[in-house]
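All values derive from a computational prediction rather than experimental measurement. Whatever order the structure lists them in is the order used to number ligands and atoms, beginning at 1.
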Amino acid sequence: MITSTTDPQPADFADVRATNLAVVLRSVREHAPCSRADIAASTGLNKATVSSLVADLIDRRLVRETGLTENRVGRPATMLVLDGSPYAAIGVEINVDYVTAVAVDLSGERLLSWRRSFPGATTTAAQAVATVAAIVRRVVNRMAKEERQVLGLAVGVPGLVGADGTVRIAPNLGWRDADLCGDLTKALRDPGFPVQVDNDANLAALAEHRFGPLAGTANLVYLTGEIGVGAGIVLDGRLRRGGQGYGGEIGHIQLDPLGAECRCGRLGCLEAVAGIGAVLEHAALSPAEVEIELDEVVRLARAADSRTLSTLATVGHNLGKGVAMIANLLNPEVVILGGYYVPLAPWLLPAVEAELRGRTIAPDAGGCQVVASTLGYGAAALGGAARVLDSVDSGRLPRIS
Ligand SMILES: [Zn+2]
């Protein structure tokens, strides 16, 4: 008897349909409000197929009719928009000094944003799993009360994260080989939605690419300005992780062979000479309570305190050397400074710009601009939610409940 393990029919039909549903969903996300005819025109699918796919998306409550019509030649058309109301995507950011949780609906509307302090440097991965699981359960309960189905959870961590969600090394948290994704899934007791773990800079870059003021910029680099400094890299419209997912570790490029010791054990890494720890150390402030100390740095800078201004200029020049490396290597349209760099940006940016222009071989720094993020401290958490929405957009659609 010949058995075929490759008989493709049913699976392929389902795959094609799922792919086309995702194509139509993305089209609505990009063009809403839009008509079925608009979708047919923008996707190349025929009108009958689009009507059938739209009906399916309406059944799944991913898309709804607004009843609005546009004045145009011919019959007025029923317009379609995303229907966010029955769903939620959850993002969490674990950092050295805080945990942030964010939930958004399908259209990206923020449903909640929670932040609590967290002693990351002295917390084991197992303790972090318990903390994050408790927060996530509260978010899930809140979403259940609003009768929303959770589409997924993505957690950002400042460290190297393998494709399976294992945190290989997180120097500032002191973790090695922590199966965060597996342990968190267990702690949530099979939550009924996918759990993912990713590098915090990667997620923050996704947040900027989907929700930021420069959303849609094809070539964008996000620099985390936390105790650690990492880069999230979007090139040609896609997040780039590298071979094993460990790209973007600009924080550990050596800027000064005689520089301060980094948490990774090496000398003069970018994050040791241009991270927030360097700002606080130069200013003789303790990095224990970063936010409180940072307020003090901002106050002193506003008062034109010479030591503070000199510290910020030094750190800004070091950071600018790193930004120039990014500009020479990747030629992004924008480098976005996040985290604790945001309140310090007025004093850091002039030095960063000077180094960028002085060290980039392309004229006008290859068109690269440097801006401070407007997404706030929870950018990576928001990016976690963006990653969940990305999976929906690429075809992982919720089941009809
Ligand atoms: Zn280092």
Testing the 3.5 Å rule here: is there a donor-acceptor pair between the side chains of [X] and [Y]?
X      : Y      : result
Ser42  : Ser27  : yes
Tyr340 : Asp97  : yes
Gln254 : Arg266 : no

Fill in: cation_pi(Arg115, Tyr98) dist<6.0 Å, angle<=45
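Positive - Arg115 is close enough to the ring of Tyr98 and near enough to its axis.
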Worksheet item: Taking the six-membered ring of Trp114 as reference, does the NZ or CZ atom of Arg138 fall below 6.0 Å from its centre and within a 45° cone about the axis?
Response: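 Relative to the ring axis of Trp114, which defines the angle, Arg138 lies inside both limits.
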Discussion item. I'd like to know if the side chain of Thr224 and the backbone of Gly230 have a donor-acceptor N/O pair within less than 3.5 Å.
Written reply: yes
Worksheet item: Around the Zn ion (ligand 1), what protein N, O or S atoms are found below 2.8 Å?
Response: His252 ND1, Cys262 SG, Cys264 SG, Cys269 SG
